[in-house]
J.: 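Got a structure for you, questions after.
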Amino acid sequence: MLDKLKLKSKQLLESREVNSVLGTVHGTGNRIRPMFIREIKDIDNLIINESPSINLAAYIAQADNLKKGKVLIIASMNELKAIKQLSDENRINDEQLRVIGVIGKEGIIEFNKLNEVSDYIQSTQSLPSAHDNSLEQISSMTQDQRWQYWKQVMEGCIRCYACRSACPLCYCERCAVEINQPQWVSVASHTKGNFEWHIMRAIHLAGRCVGCQSCSNACPINLPIHLLNRAVNKETDERFGKTQSTQSSTHCMSSFSANDFEDFIK
Amino acid sequence: MDNKEFNPKIVAFVCNWCTYAGADLTGTSRIKYASNVRIIRLPCTGRIDYMLLLKAFGEGADGIIVSGCHPNDCHYTSGNFHARRRWIVFRRLCDFMGIDIRRIVFSWVSAAEGAKWADIVNSTTSLIKEIGPYIDYQSLNNIETKEIRNA
């Protein structure tokens, strides 16, 4: 499978159909790192990342990385989901990106157009990935227990914004935490500002998060912040329909239905 | 210890077209209601950012009222529908994080519902009086930053 992947990447790079290949290579130690490969000789370093902890789509979400020409991305399921969401949001287009999917048993799938990615994602029954039950655990706590739990988590946050950098869908050129007139979120790594930051992050990703968990994986303190996204997405999925399978590019938070159900507004 | 009765601070974020006019009607109808509420007028419920609510709690509010036009009555056609989706998600997230969502009261109050406005304010005030000041959130201000804590 790896040989086929290398061969295909080489062909595309040689024919100058793509300008670079975004894949994973061995880093220092046991680490696996992402790399934009521009030289054909470097293609041999490509590896298939069996347990991806980073989402490569985060690199293509940055407009700068696409300015130097078409990119071929070696995508696992998480990347494919992110690519679908990014193209739904008109962040990327066919001129900028070629996609080769590397999916567990199915092997290598070539996508010539981004809408093929969307079709593929919609056709695959997205299996409930091996989720732990921490969401249910936290939900079953009392309100005060939840508060104490999250307060403890938030006290740990050092506000390095690694979660933001690692996220394929956090791509605003100017993030709201960097706006200081008015200053919405305190910039110090203080519990109160941390609460505000993580609430903001979760809301901005409502219905958009693809659940790759690269935010938590990138967190140097190992805070389980992906649970916030998962809680929010559970709500949007249940209330406003499965966001992953909606055909239209309008995502649930920029649209509405007159029949949205709620039971708390007096 | 002071024996003074706890007087909650309640911040109300209301839309210009319905609830603000409704609250105005409450006044012109000479209906008396709790003076604990501080009304902040915004153009539309669609403008009521969840960050405003967090700011209110952070600055010492014990309770929050968010109110606007009834569905289908929005001056801007759909501002309150968008707001409703946001509230649903925001409320769920706050609940998940252990923020006391009883303290955030959402309502629809039209320009003709002066009595309903007085009712909302009074019931919210008595509710907050019952559950006390929001020390949990306010005490976040007193947590020292990490550098100091570890020194």
Side-chain angles (χ1 to χ4, degrees), chain A residues 135 138-139 141-151 153-159 176 182 184-186 188-196 198-200 202-203 206-207 227-236 238-240 252-266, chain B residues 45-46 49-55 57-59 65-68 70-72 77-102 104-109 116 119-120 123-124 136-149:
Chain A
L135 196 64
I138 294 171
S139 301
M141 292 183 198
T142 66
Q143 182 238 323
D144 191 52
Q145 284 172 327
R146 285 198 296 269
W147 174 255
Q148 296 304 335
Y149 174 80
W150 285 109
K151 199 162 105 172
V153 170
M154 293 304 156
E155 274 175 37
C157 174
I158 58 168
R159 289 290 275 290
W184 284 107
V185 179
S186 135
S189 69
H190 182 269
T191 316
K192 186 172 131 190
N194 295 347
F195 258 100
E196 291 168 342
H198 285 289
I199 289 176
M200 188 173 86
I203 298 258
L227 293 176
L228 299 175
N229 300 104
R230 216 197 279 168
V232 167
N233 260 32
K234 188 163 174 274
E235 187 76 357
T236 54
E238 283 168 8
R239 300 270 194 148
F240 315 131
C252 69
M253 293 312 282
S254 60
S255 59
F256 66 88
S257 153
N259 303 319
D260 284 337
F261 174 76
E262 45 67 33
D263 50 7
F264 60 87
I265 303 179
K266 288 187 191 169
Chain B
T45 40
D49 197 293
Y50 57 92
M51 286 308 289
L52 293 171
L53 312 187
L54 290 180
K55 282 281 148 196
F57 277 144
E59 299 293 322
I65 299 173
V66 182
S67 183
H70 285 269
N72 292 319
T77 320
S78 58
N80 54 359
F81 285 128
H82 284 290
R84 181 166 64 182
R85 280 217 164 174
R86 244 176 275 153
W87 297 347
I88 291 171
V89 172
F90 178 67
R91 200 166 170 276
R92 168 76 180 111
L93 179 64
C94 283
D95 189 34
F96 184 69
M97 294 187 86
I99 293 170
D100 193 350
I101 51 170
R102 290 174 300 171
I104 315 177
V105 173
F106 297 93
S107 69
W108 309 124
V109 174
K116 184 178 176 185
D119 193 41
I120 295 275
S123 64
T124 309
D136 275 351
Y137 203 92
Q138 285 155 13
S139 67
L140 292 182
N141 288 321
N142 306 330
I143 296 174
E144 291 164 349
T145 52
K146 255 170 245 97
E147 288 72 17
I148 301 167
R149 223 176 26 235

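Letters go in sequence order (proteins before strands), and every chain restarts at 1. Given the structure is predicted, the values throughout are model-derived calculations rather than measurements.
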J.: Which residues pass the salt bridge (Lys or Arg N to Asp or Glu O under 4.0 Å) test with A:Arg146, not counting sequence neighbours?
T.: B:Asp95
J.: Looking at B:Gly58 and B:Asn141, what are the two nearest heavy atoms and their distance?
T.: O-ND2, 3.2 Å
J.: Considering only heavy atoms, which portion of A:Ala206 lies under 4.5 Å from any heavy atom of chain B: side chain, backbone, both, or neither?
T.: side chain
J.: With a 4.5 Å cut-off on heavy-atom pairs, point out which of B:Phe81, B:Tyr50, B:Phe96 contacts chain A the most.
T.: B:Phe96
J.: So which heavy atom on B:Ser107 is nearest to which on A:Ile265, and how close?
T.: CA-CG2, 3.6 Å
J.: Give the member of B:Val89, B:Val109, B:Ile88 that has the highest number of heavy-atom pairs under 4.5 Å with chain A.
T.: B:Ile88
J.: So for B:Phe57, is it side chain, backbone, both, or neither that comes closer than 4.5 Å to the heavy atoms of chain A?
T.: neither
J.: Please round to the nearest 0.5 Å and tell me the distance separating atom CZ of B:Arg85 and atom OG of A:Ser257.
T.: 6.0 Å
J.: If I measure from the heavy atoms of chain B, does A:Asn229 come under 4.5 Å with its side chain, its backbone, both, or neither?
T.: neither
J.: Do A:Trp147 and A:Phe195 make the cut of ring centroids closer than 6.0 angstrom?
T.: yes
J.: How many angstroms lie between atom NE2 of A:His190 and atom CD of A:Glu196, to the nearest 0.5 angstrom?
T.: 10.5 Å
J.: Using heavy-atom distances under 4.5 Å, tell me whether B:Ile120 contacts chain A through its side chain, its backbone, both, or neither.
T.: side chain
J.: Taking side chain as everything from C-beta outward and backbone as N, CA, C, O, which of these in A:Tyr149 sits under 4.5 Å from a heavy atom of chain B? Side chain, backbone, both or neither.
T.: neither
J.: When rounded to the nearest 0.5 angstrom, what is the spacing between CD in A:Gln145 and CD1 in A:Ile138?
T.: 11.5 Å
J.: So for B:Val105, is it side chain, backbone, both, or neither that comes closer than 4.5 Å to the heavy atoms of chain A?
T.: side chain
J.: Measure the shortest side-chain to side-chain distance between A:Val232 and A:Ile203 over non-hydrogen atoms and say whether it is less than 4.5 angstrom.
T.: no
J.: Identify which part of B:Asp100 has an atom lying under 4.5 Å from any heavy atom of chain A, answering side chain, backbone, both or neither.
T.: both
J.: Given heavy-atom pairs under 4.5 angstrom as the criterion, report whether the side chain, backbone, both or neither of B:Ser67 touches chain A.
T.: neither
J.: For B:Trp87, give me all partners under ring pair (Phe, Tyr, Trp, His ring centres under 6.0 Å), at least two apart in sequence or on another chain.
T.: B:Phe106, B:Trp108
J.: With a 4.5 Å cut-off on heavy-atom pairs, point out which of A:Ser186, A:Ala202, A:Ala258, A:Ser139 contacts chain B the most.
T.: A:Ala258
J.: What part of A:Thr142 gets closer than 4.5 Å to chain B, counting heavy atoms only: side chain, backbone, both or neither?
T.: neither
J.: Pick whichever of B:Arg92, B:Lys55, B:Arg86, B:Met97 has the most heavy-atom pairs under 4.5 Å with chain A.
T.: B:Met97
